[in-house]
Enquirer: 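Structure in structure tokens, see below.
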Amino acid sequence: MYANKLNRLMLGLFIRHATAVGRSAFSWTAVCKQRTLWLQRRACLKTHQHVVTSPTRYTDRWSVGPLGSRARSASQTTVDPDEVRKFQSLAGKWWDEQGEFAALHALNDLRVPFIRDNLLNVHRALRPGKPLRGLRILDVGCGGGLLTEPLGRLGANVLGIDPVGNSIGTAELHSSIDPDLRNRVCYRASTLEELSAERTGGQEAGHYDAIVASEVVEHLADLETFASCCNHVLKPGGSLFITTLNKTNLSYALAIVVAEQLLHIVPSGTHDWEKFISPVDLERLLESNGFSVQSVQGMLYNPASGAWSWTNSTAINYALHAVKVRDDPHADQAEDGGSHPEGHS
């Protein structure tokens with residue numbers, strides 16, 4: 001009940017702030033009308049895609065193939081070219097704390113302690129001062145290194161990867177200023193699946209103690225491939241940390257209509273509501289790929305103060321911590337399917 005009141009209060013703050021800066025007044029009727037038209041457009045596209053892809057029996061990420069295992073995306077890639085183009089244009093702006101990524105800078109106040117404290121619960125023998133010393137962390141979709149750097153300062157050895165080469169250049173340049181990071185933080189223009197493929201069958205499979213994907217999964221093309229690759233590069237018992245947006249009416253109204261179109265907190269077109277995912281669906285996806293979800297916590301952004309806070313409601317933003325409990329079962333099924341051709345025992 002308190003969380004619902006808080007969400008309504010935040011909506012009021014968004015509206016008041018929009019009016020104060022001379023933006024057009026917020027209208028739920030307009031929001032609902034816009035979203036209805038948008039959903040109708042998406043439904044038409046999905047219908048067309050279903051007709052085209054139905055002969056191959058790959059209709060969505062939950063479909064079941066002829067061997068009884070869940071079918072993977074035909075692309076086998078997490079990268080959406082449209083998303084790459086969007087972030088390419090912003091690659092030089094990552095470290096402008098008052099610019100397009102101001103909310104991400106502020107989010108470090110929540111996500112860094114969230115990662116640190118959960119890792120300390122698992123790895124209790126770590127050193128004070130540099131509590132994450134000795135841990136290997138992979139920062140997926142690191143951008144300009146906004147989260148990579150503070151994790152390195154806590155003592156972890158962090159590899160930041162991103163498909164946008166210019167963002168990696170920005171990250172490398174910024175981290176080079178701090179001598180404390182030179183032996184702890186490194187970057188690479190790469191995708192998660194490329195990194196995972198390099199370790200297939202090699203001694204470095206299960207290489208990382210933790211993976212961080214903060215404000216990333218809502219930009220990916222294939223979450224099934226993402227979850228499978230995370231499982232592959234994590235050590236047994238390794239942690240996966242995700243922050244993302246829930247798929248609700250409220251998240252559409254606030255994250256897209258208000259934050260993008262009215263207040264311009266983030267550039268228009270940054271988010272695609274269809275790619276948002278609920279905590280329930282994300283937990284189901286992760287558990288089917290060998291993870292056990294340990295905690296889910298709601299987060300709330302205040303545009304007036306520019307600060308984030310924890311909340312009991314996951315209706316807009318949320319943080320999730322999961323632990324790898326077994327190897328990816330789908331990889332085993334794929335290998336079994338390949339080694340027993342039809343007609344052979």
Enquirer: Taking a hydrophobic cluster as the set of Ile, Leu, Val, Met, Phe, Trp and Tyr residues connected by side-chain heavy atoms closer than 4.5 Å, whether directly or through intermediates, do Val296 and Leu285 fall within one such cluster?
Expert: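 Per the 4.5 Å side-chain linkage, Val296 and Leu285 are co-clustered.
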Enquirer: Answer yes or no: is there a donor N or O on one side and an acceptor on the other, between the side chain of Asn231 and the main chain of Ala227, under 3.5 Å?
Expert: no
Enquirer: Under a single-linkage definition using a 4.5 Å side-chain heavy-atom cutoff for Ile, Leu, Val, Met, Phe, Trp and Tyr, are Val280 and Phe276 assigned to the same hydrophobic cluster?
Expert: no
Enquirer: Rounded to the nearest 0.5 Å, how far does CG of Leu159 lie from CG of Leu138?
Expert: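 Going from the CG atom of Leu138 to the CG atom of Leu159 covers 5.5 Å.
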Enquirer: Counting N and O atoms only, with roles assigned by atom type, does the side chain of Thr243 sit under 3.5 Å from a partner on the main chain of Tyr318, one being a donor and the other an acceptor?
Expert: no
Enquirer: Salt bridge (Lys or Arg N to Asp or Glu O under 4.0 Å) for Glu100 and Lys93? Distances and angles first, verdict last.
Expert: CA-CA 7 Å; Glu100 286 89 340; Lys93 302 180 179 181; 3.3 Å; yes
Enquirer: Might you point out which heavy atoms bring Pro150 and Gly145 nearest each other, and give the distance in Å?
Expert: CD-O, 4.3 Å
Enquirer: Is there a donor-acceptor pair closer than 3.5 Å between any side-chain N or O of Asn302 and the backbone N or O of Ala307?
Expert: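 Side chain of Asn302 to backbone of Ala307, a donor-acceptor pair under 3.5 Å: no, none is there.
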Enquirer: Looking at CG of Asp180 and OG of Ser175, how far apart are the two atoms once the value is rounded to the nearest 0.5 Å?
Expert: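 Answer for the CG-OG pair, Asp180 versus Ser175, is 11.5 Å.
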Enquirer: Salt bridge check: are Asp209 and Arg136 linked by an N-O gap of less than 4.0 Å?
Expert: no
Enquirer: Main chain of Leu300, side chain of Thr311: is a donor-acceptor contact present, judged purely on distance under 3.5 Å?
Expert: no
Enquirer: Measure the CG-CG distance between Asn118 and Leu320 for me, rounded to the nearest 0.5 Å.
Expert: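 Reported to 0.5 Å precision, the distance equals 10.0 Å.
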Enquirer: Rounded to the nearest 0.5 Å, what separation is found between the CG atom of Leu90 and the CZ atom of Arg85?
Expert: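 Taking CG in Leu90 and CZ in Arg85, the distance rounds to 14.0 Å.
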Enquirer: Kindly work out whether a path of hydrophobic side-chain contacts (I/L/V/M/F/W/Y, heavy atoms less than 4.5 Å apart) joins Leu107 to Ile265.
Expert: yes
Enquirer: Can you name the nearest heavy-atom pair linking Ile242 to Leu286, along with the distance?
Expert: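 Smallest interatomic distance, heavy atoms only, reads CD1-CD1, 4.3 Å.
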Enquirer: Quick one: list whatever passes side-chain contact (heavy atoms from CB on, under 4.5 Å) with Val325, sequence neighbours left out.
Expert: Ser292
Enquirer: State, to 0.1 Å, how close Ile316 and Ser251 come at their nearest heavy-atom pair, and which atoms those are.
Expert: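 Answer, listing the atom of Ile316 first, then Ser251: CA-CB, 4.2 Å.
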Enquirer: So, are Asp82 and Lys86 salt-bridged, with charged N and O less than 4.0 Å apart?
Expert: no
Enquirer: Please test Ser268 against Glu260 for side-chain hydrogen bond (donor to acceptor under 3.5 Å, both in side chains), starting from the C-alpha separation and ending with a verdict.
Expert: CA-CA 5 Å; Ser268 181; Glu260 293 187 15; 4.5 Å; no
Enquirer: So, taking the atom named CZ in Arg116 and the one named CG in Leu132, what distance separates them when rounded to the nearest 0.5 Å?
Expert: 8.5 Å
Enquirer: Please name all residues satisfying salt bridge (charged side-chain N to carboxylate O under 4.0 Å, His left out) with Arg153, sequence neighbours left out, ordered by chain then number.
Expert: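 With neighbours one apart ignored, the set is Glu149, Asp178.
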Enquirer: Might you point out which heavy atoms bring Ala171 and Gly143 nearest each other, and give the distance in Å?
Expert: CB-O, 3.9 Å
Enquirer: Indicate yes or no for a side-chain donor-acceptor contact from Thr248 to the backbone of Ala315 under 3.5 Å, with no hydrogens or angles considered.
Expert: yes
Enquirer: Which heavy-atom pair separates Ala210 from Leu119 by the least distance, and what is that distance?
Expert: CB-CD2, 3.9 Å
Enquirer: Give me the ring orientation class for Phe101 and Phe87: parallel if the planes are under 30° apart, tilted from 30 to 60°, perpendicular past 60°.
Expert: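 Phe101 vs Phe87 ring planes: parallel.
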Enquirer: Relative to each other, are the rings of Phe114 and His321 parallel, tilted or perpendicular (30° and 60° limits)?
Expert: perpendicular
Enquirer: Test side-chain contact (heavy atoms from CB on, under 4.5 Å) on Tyr187 and Thr148 and set out the steps.
Expert: CA-CA 9 Å; Tyr187 295 99; Thr148 320; 3.5 Å; yes
Enquirer: Do any N or O atoms from the side chain of Asn246 and from the backbone of Thr314 form a donor-acceptor pair under 3.5 angstrom?
Expert: yes
Enquirer: Among residues at least two apart in sequence or on other chains, which ones pass side-chain contact (heavy atoms from CB on, under 4.5 Å) with Pro163?
Expert: Val79, Val84, Thr191
Enquirer: Begin from the C-alpha positions of Cys230 and Leu192 and carry the test side-chain contact (heavy atoms from CB on, under 4.5 Å) through to its verdict.
Expert: CA-CA 8 Å; Cys230 284; Leu192 176 61; 3.8 Å; yes
Enquirer: Donor-acceptor check, side chain of Glu218 to backbone of Asp272, threshold 3.5 angstrom: yes or no?
Expert: no
Enquirer: Of all heavy-atom pairs between Val122 and Ser239, which one has the smallest distance, and what is that distance?
Expert: CG2-OG, 4.4 Å
Enquirer: Salt bridge (Lys or Arg N to Asp or Glu O under 4.0 Å), that's the test. Do Lys275 and Glu83 meet it? Break it down for me.
Expert: CA-CA 12 Å; Lys275 289 184 175 180; Glu83 299 283 354; 3.3 Å; yes
Enquirer: Linking I/L/V/M/F/W/Y whenever their side-chain heavy atoms sit closer than 4.5 Å, directly or via other members, would Leu173 and Trp95 fall into one cluster?
Expert: no
Enquirer: Do Asp281 and Arg284 meet the salt-bridge criterion of a basic N to acidic O distance under 4.0 Å?
Expert: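 Yes, this pair counts.
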Enquirer: Passes side-chain contact (heavy atoms from CB on, under 4.5 Å), Leu254 versus Tyr301? Steps please.
Expert: CA-CA 10 Å; Leu254 296 186; Tyr301 181 68; over 6 Å; no
Enquirer: Say whether, by atom type as modelled, one donor and one acceptor occur between the side chain of Thr170 and the main chain of Asn166 under 3.5 angstrom.
Expert: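 The answer is yes, because a donor-acceptor pair under 3.5 Å joins these two groups.
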Enquirer: Are the side chain of Glu283 and the backbone of Val293 linked by a donor-acceptor contact shorter than 3.5 Å?
Expert: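 Checked: no pair found.
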Enquirer: Do the non-hydrogen side-chain atoms of Ile277 and Leu223 ever get within less than 4.5 Å of each other?
Expert: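 Sidechains of Leu223 and Ile277: in contact.
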Enquirer: Quick check on the 6.0 Å ring-centre criterion: do Trp94 and His174 meet it?
Expert: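 Here the rings of His174 and Trp94 have centres that are no less than 6.0 Å from each other.
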Enquirer: Got Ile211 and Val233 here, is their nearest side-chain heavy-atom distance under 4.5 Å?
Expert: yes
Enquirer: Is it true that Val323 and Leu240 fall in one hydrophobic cluster, defined by side-chain heavy atoms closer than 4.5 Å?
Expert: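 No, Val323 and Leu240 fall in different hydrophobic clusters.
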Enquirer: Applying side-chain contact (heavy atoms from CB on, under 4.5 Å) to Leu147 and Val158, what does each step give before you reach the verdict?
Expert: CA-CA 10 Å; Leu147 182 55; Val158 191; over 6 Å; no
Enquirer: Under a 4.0 Å threshold between the charged nitrogen and the carboxylate oxygen, would Glu215 count as salt-bridged to Arg111?
Expert: no
Enquirer: Any sub-3.5 Å donor-acceptor pair from Trp308's side-chain atoms to Ala103's backbone N or O?
Expert: yes
Enquirer: Strictly below 4.0 Å, N to O, side chains only: are Glu287 and Arg326 in salt-bridge contact?
Expert: no
Enquirer: Look up atom SG in Cys142 and atom CG in Leu151, then write down how far apart they are to the nearest 0.5 Å.
Expert: 11.5 Å
